There are 2 protein chains.
Amino acid sequence: MTDRRPTINDVAARAGVSKSLVSLALRGSDKVSEESRAAILAAAAELGYRPNAAARNLADRRSRTIGVLLHDLHNPVFAEVLDGVQEITRQRGYRTMLVTGHGDPEREESELAGLLEFQVEGLILISHRLDPEVARRVARERPVVIVLRHDITGPGISTICTDDRAGGRAATEHLIGLGHSRIAHVSGGDSPIARDRQAGYEEAMTAAGLGADVLVEPGSFTEAGGRAAMLRLLERAPQATAVFAANDLSALGALGALHDTGRSAPADISLVGFDGMSLAALGSLRLTTMAQPLTRMGQLAAQRLFERIESPLSRTQRDVVVSELTARGTTAPPAA
Amino acid sequence: MTDRRPTINDVAARAGVSKSLVSLALRGSDKVSEESRAAILAAAAELGYRPNAAARNLADRRSRTIGVLLHDLHNPVFAEVLDGVQEITRQRGYRTMLVTGHGDPEREESELAGLLEFQVEGLILISHRLDPEVARRVARERPVVIVLRHDITGPGISTICTDDRAGGRAATEHLIGLGHSRIAHVSGGDSPIARDRQAGYEEAMTAAGLGADVLVEPGSFTEAGGRAAMLRLLERAPQATAVFAANDLSALGALGALHDTGRSAPADISLVGFDGMSLAALGSLRLTTMAQPLTRMGQLAAQRLFERIESPLSRTQRDVVVSELTARGTTAPPAA
DNA sequence: ACGATTCATTGGAACGTTCCAAGACGTCTG
DNA sequence: CAGACGTCTTGGAACGTTCCAATGAATCGT
């Protein structure tokens, strides 16, 4: 870039007016004469003028930007939530600044710091792994909405999530309702969400008098984790006729494990996932799942955030959305 | 936010030094005495000081940020490219600003304008639909690297892509090599990439003396498009034993269509995709595909971009990476 | 025909940083 | 002991905007 970019002063000089008037005209003020407006617009176009967002943000003391931290972009679940967030954000004329932390709390914290330096006006954290104390500290600076995790509370923090325990219960009851009794659970590890979904499973089993059959195989919310867990399960509990996997991604891994060992769902084993990511509906997968309204959750998150951006003193909210069992092709009554 | 955030002046006052020294200390200069440094760091921590990125960018006249425009976040292909981009970007101490255009040229252009207002130092366009003239205009302002599309050239534009025509040929040859002759193509519509892949298909067919069997069913690079195209194909060409789909996502749709009509791959029809998105390897899908080195392409894109950011006069590059046929579970010789 | 009112326009201060030339204070050299 | 040099520190200008109070010009009512 040898030549400096044109500034508002260059435009003003060319149009023969003051920089203030250029500023006004470019932002569409109605107190600029038609004549000046035309001259200014023409000058700006000829010079290829672009406003400098850094200068504008500095002068305004606002960035019209919200920050979104998410786990990663590979799990399509996050993309769906993000769609909802961006829809609302665009409507409001804000932009979204997106960072990923890959589940590493330190990295997440540093990405968050970057967002705050950019003067984002609010933050949406989607499935993060931050230390609760860090989240609370951030919430003292800016409104925060946490999506898909409900265990962190504090002033300035709103949450959007589903009732994971009830969901785990419903998923399990679906299998029980089909006639299964030897139902195992591929868990999602020790995250709060995973624990809730597992608790729901255990509750449903106990309530149905199947407490003795509770069988949990630890997984990790990933495809690989689900695959490995399912393989271990097939060894350890060959009598199982159904599996509830803690999320769709690990359910897909489990499905792969079944496939690799010459089995299939629901013929050999019925399988239910959790999340409702649209890819899992796809093609030959047709995964039965507890579907969360992901895009809706994203919209709601953004709405709640803007409420607090606009009136910082308004109360934080805890929204619980309902998930619904979506029966597709991987569950059926047990083979006789 | 009733109370103003602390600035560098507040830190300076508290530490009993000048703002200049605070600025130096916070950026790790070695010409600050240990004593001052400690006082400054302590004061900054006590106040919860965060540098204001807008002010910094304005003063430096650089943002240490690159902009990435991508189609959307649902196709996991883009997430994989992005991983590569972000890896390099992080290494350089830059941040990435991510926007999506959802294939709408106007929206893409407006998102791009936003990035340029933020003074991004360079741009990576992943599978965009911009008007070539717009892309060239932008490239006059900032270095641009285009990934997954090679038809736009001009000063300031580098490209990273694979040889889509050769890839289309290789995918088709794989099917021919397995003994198929009635091979159809589910195309990706009329984008340049789609046209190249289709041309490769036609070349391979013709070269194998199967020119008369060329059969193209228009699709759209989406799951729904692939599904619909496959359904039409089953009506229109029941004799086909193999299909080359223009990308993995539409191949997955095609797979779903097969499934829905009581068929499967490769038993009834062999199926090859294109892209190499990791989700398609997953579970029971095991899609055979022409795999592009997606993450590598992202890394390369970022490297090329930084070369041009660092020496703006260096030449732009056109990198062509090789894709490889990855035979998984959806292709086999035709049924006897 | 004159003050009041409206309208379009202006210059300057602010926003929070970085950079630069220059200053204060010691210490060394001969 | 004067001058040169080093180290640490400083105030002020710049970056490109927006906002505000003030200005000048035109129009109005009486």
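Atom set for the values below is all heavy atoms of this structure, side chains included, hydrogens, waters and symmetry mates excluded. To find a chain, count down the sequence lines: A is the first, B the second, and so on, and within it residues start at 1. All values derive from a computational prediction rather than experimental measurement.
Candidate nucleotides dT9(C), dC15(D), dC19(C) were compared by shortest atom distance to the side chain of R27(B), and dC19(C) ranks first. Here the nucleotide nearest the side chain of N52(B), chosen from dT17(D), dT17(C), dG11(D), is dT17(C). Nearest to the side-chain atoms of R56(A) among the listed nucleotides dC15(C), dT18(D), dT17(C) stands dT18(D). Side-chain proximity of V17(A) to dT10(C), dT10(D), dT17(C): nearest is dT10(C).
Rounded to whole Å, the distance from CG on L58(A) to P on dC19(D) is 12 Å. R62(A) places its CZ atom 13 Å from the C1' atom of dT18(D), with the value rounded to the nearest Å. Computed from coordinates, the L26(B) CG to dG16(C) P distance equals 16 Å when rounded to whole Å. When the P atom of dT17(D) is taken as reference, atom CG of N9(A) falls 8 Å away, rounded to whole Å. With rounding to whole Å, I8(A) atom CD1 is found 11 Å from dG16(D) atom P. Between the CG atom of N57(A) and the P atom of dG16(D) there is a distance of 15 Å, given to the nearest Å. Distance CG (D30(B)) to P (dG6(D)): 15 Å, rounded to an integer number of Å. The nearest whole Å value for the distance from the CG atom in L24(B) to the C1' atom in dT7(D) is 13 Å.
Comparing R37(A) and K19(A), the nucleotide of DNA chain C nearest to each residue sits closer to the 5' end for R37(A). Sequence order on DNA chain D of the closest nucleotides to V22(A) and V32(B) puts V32(B) first from the 5' end. Toward the 5' end of DNA chain D, the nearer of the two residues D60(B) and G16(B), judged by each one's closest nucleotide, is G16(B).
The shortest distance between side-chain heavy atoms of R4(A) and R61(B) does not fall below 4.5 Å. A heavy-atom distance below 4.5 Å is not found between the side chains of Y94(A) and I88(A). With contacts defined as side-chain heavy-atom distances shorter than 4.5 Å, the pair E310(A)/R92(A) qualifies. Side-chain contact between R107(B) and R129(B): absent, with no pair of heavy atoms (C-beta onward) separated by less than 4.5 Å.
Put simply, the side chain of R5(A) never gets that close to the backbone of R50(A): no donor and acceptor are under 3.5 Å apart.
A close approach under 4.0 Å does not occur between any side-chain nitrogen or oxygen of S23(B) and OP1 or OP2 of dC19(C). Taking side-chain N and O atoms only, S36(B) has a distance below 4.0 Å to OP1 or OP2 of dT9(D). A close approach under 4.0 Å does occur between a side-chain nitrogen or oxygen of S18(A) and OP1 or OP2 of dT10(C).
R50(B) comes within contact range of the sugar-phosphate backbone alone, with a heavy-atom separation under 4.0 Å but no base atom that close.
Donor-acceptor pairing under 3.5 Å, judged by distance alone, is present between the side chain of S20(B) and the base of dG11(D).
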